[in-house]
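Taking it in order: structure first as structure tokens, then the write-up.
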Amino acid sequence: MKKCLLLLMAVLVFPLSAHAEDLLHALWPQGFPAFSAADRRHGVANDRAMPDRREPSFSLPPLPAAAVGTVRRVRLPAGEKAVALTFDVCELQCAVSGFDRDVVRALEDYGAHATFFAGGKWMRSHPERTMQLMASANFELGNHAWTHANFGIIDMKMAAEQVRWTQALYESLRAELGRRAEAAGCAGLMKAVPPGLAWFRLPYGRCSPESLRLLNRMGLRVIQWDVVADHHSSDNAAPDAARRVVRAVRPGSIILLHANLVPRNTAVLVRNLLSMLAGQGYRFVTVSELLSMGEPELADDGYFVRPGDNRSLDRSFGTYGTGENQ
């Protein structure tokens, strides 16, 4: 209790970015632990089983008609320069992906806020990292489906399962985080951790009209992007890669990146982007913060740069995009 009283006093004295005042630093005093063997790609055994808990307790009301669609970016008031850095952390049914600690280190060094879209199976493979992301005052989480299934081709029963299983696992890990906070005398800090996930990112950027309606009926805002940053086929560490991204960024942009060690060298790209964009006067906010600042630009489909540019992926990554043929 004394530790938490000191922690809460620090919130009143120091600005929010000063460390030591959020749940992360209450439970992990040094912040995000260093890279470990479990963070590597294939660093833990692959678990193909269905989750034990499959139904979430928390639910959201359906979206109002004006909010239906996929959010590409946000129109901001004149003179406001903010962008949302978003990171997918996910894995397929057939393999385990990693956690890019260097991405988080770069964000921490700049005090940058960011949103992580987590797959349910990835969260099960990386429970400690998931709870650390939950606990950080600078980060928020969204839903990225259970096994990265392609929402352009799966049936609606599977689509609903991909969402609900991920929501349920988030709740289970949040409950564990709450038990640790209670044991540490800091349960009050759990108020900052949402009871459920309100944002959804389409795997492969794909959806069908039916799956988009399903997601919106489940109360989930579908958050896409207007800028694709890291690439599998290019050198993300090259300064030219960052300059290409910066040229595409506008106030209110949502930037697509990854923090699961796929693609490679994303952390170097992130450092370059943070430096270049900060030099142009941009600040880095979560999706929630960005949406509160302006009006979202909506589309009725999901895609990378232009409608239809991701449909070739329907023939890749297994029958439903999960990496295996069902």
Side-chain angles (χ1 to χ4, degrees), residues 70-76 79-90 97-118 138-140 142 144 199 201-206 222-291 293-294 296-297 299 301-310 312-313:
T70 66
V71 178
R72 302 293 301 180
R73 60 182 307 277
V74 176
R75 291 188 296 273
L76 299 181
E80 186 69 76
K81 298 187 75 172
V83 295
L85 298 174
T86 67
F87 297 87
D88 292 356
V89 283
C90 50
S97 64
F99 176 75
D100 197 337
R101 173 65 180 87
D102 289 340
V103 162
V104 173
R105 183 178 290 114
L107 295 169
E108 289 177 318
D109 288 347
Y110 277 80
H113 292 196
T115 302
F116 290 78
F117 288 92
N138 287 350
F139 303 147
E140 69 180 0
H144 196 34
W199 318 123
R201 169 149 289 165
L202 297 167
Y204 312 105
R206 285 283 285 123
V222 179
I223 309 296
Q224 294 305 103
W225 55 78
D226 66 322
V227 179
V228 178
D230 53 355
H231 288 267
H232 291 271
S233 59
S234 60
D235 182 4
N236 293 304
D240 282 346
R243 284 191 283 268
R244 171 189 56 78
V245 175
V246 169
R247 286 193 296 269
V249 169
R250 297 177 288 163
S253 281
I254 299 174
I255 302 173
L256 170 65
L257 293 142
H258 296 77
N260 60 345
L261 298 177
V262 184
R264 298 177 61 186
N265 294 324
T266 292
V268 179
L269 174 61
V270 169
R271 283 198 179 275
N272 289 337
L273 288 178
L274 289 167
S275 176
M276 293 179 188
L277 289 171
Q280 293 185 6
Y282 280 96
R283 59 194 181 97
F284 309 102
V285 299
T286 64
V287 164
S288 299
E289 291 165 337
L290 191 68
L291 286 169
M293 296 166 63
E297 292 187 2
D301 196 3
Y303 49 87
F304 287 110
V305 179
R306 60 188 63 85
D309 64 3
N310 53 356
S312 63
L313 296 175

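Of the possible polar contacts, none joining the N265 side chain to the D235 backbone as a donor-acceptor pair under 3.5 Å is found. A donor-acceptor pair under 3.5 Å is absent between the side-chain atoms of T115 and the main chain of T286, judged by distance alone. The backbone N or O of F116 lies less than 3.5 Å from no partner atom in the side chain of E140, so there is not a single donor-acceptor pair. A donor-acceptor pair under 3.5 Å is absent between the side-chain atoms of T266 and the main chain of A259, judged by distance alone. No donor-acceptor distance shorter than 3.5 angstrom exists from the side chain of D88 to the backbone of A118, with no hydrogens or angles considered. Not one N or O on the side chain of R201 forms a donor-acceptor pair closer than 3.5 Å with the backbone of F117. For R264 (side chain) and H231 (main-chain N/O), no donor-acceptor pair under 3.5 Å exists by modelled atom type.
For the pair R206 and F304, the cation-pi test (distance below 6.0 Å, angle within 45°) is failed.
Residues passing the salt bridge (Lys or Arg N to Asp or Glu O under 4.0 Å) test with D226 are R73, R250, sequence neighbours excluded. Under the rule for a salt bridge (Lys or Arg N to Asp or Glu O under 4.0 Å), the partners of R105 that lie at least two apart in sequence or sit in another chain are D102. Looking at residues two or more places apart in sequence or on another chain, you find a salt bridge (Lys or Arg N to Asp or Glu O under 4.0 Å) between R271 and D109. In this view, D100 satisfies the side chain to side chain donor-acceptor pair (under 3.5 Å) rule with no residue, not counting sequence neighbours. For the ring pair (Phe, Tyr, Trp, His ring centres under 6.0 Å) test, residues two or more places apart in sequence or in another chain that qualify with Y204 are H148, F317.
Atoms CG and OG1, from L257 and T86 in turn, are 6.5 Å apart once rounded to the nearest 0.5 Å. Atom CG of N260 is separated from atom SG of C90 by 5.0 Å, given to the nearest 0.5 angstrom. How far CG of N236 is from CG of D240: 12.5 Å, rounded to the nearest 0.5 Å. Interatomic distance, CH2 of W225 versus CZ of R72, reported as 7.0 Å (0.5 Å rounding). Remark: L85 CG to I255 CD1 distance equals 5.0 Å, nearest 0.5 Å. Between the OG1 atom of T70 and the CD atom of Q224 there is a distance of 5.5 Å, given to the nearest 0.5 Å.
Within a 6.0 Å radius of CZ in R101, other residues, nucleotides and ligands contribute more than 12 heavy atoms.
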Name every donor-acceptor pair, under 3.5 Å, that has one atom in a side chain of residues 272-283 and the other anywhere in the protein, sequence neighbours excluded.
residue: N272; atom: ND2; partner: V268; partner atom: O; Å: 3.4
residue: R283; atom: NE; partner: E80; partner atom: OE2; Å: 3.4
residue: R283; atom: NH2; partner: E80; partner atom: OE2; Å: 3.4

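In this structure, the side chains of L107 and N138 stay at 4.5 Å or more apart for every pair of heavy atoms.
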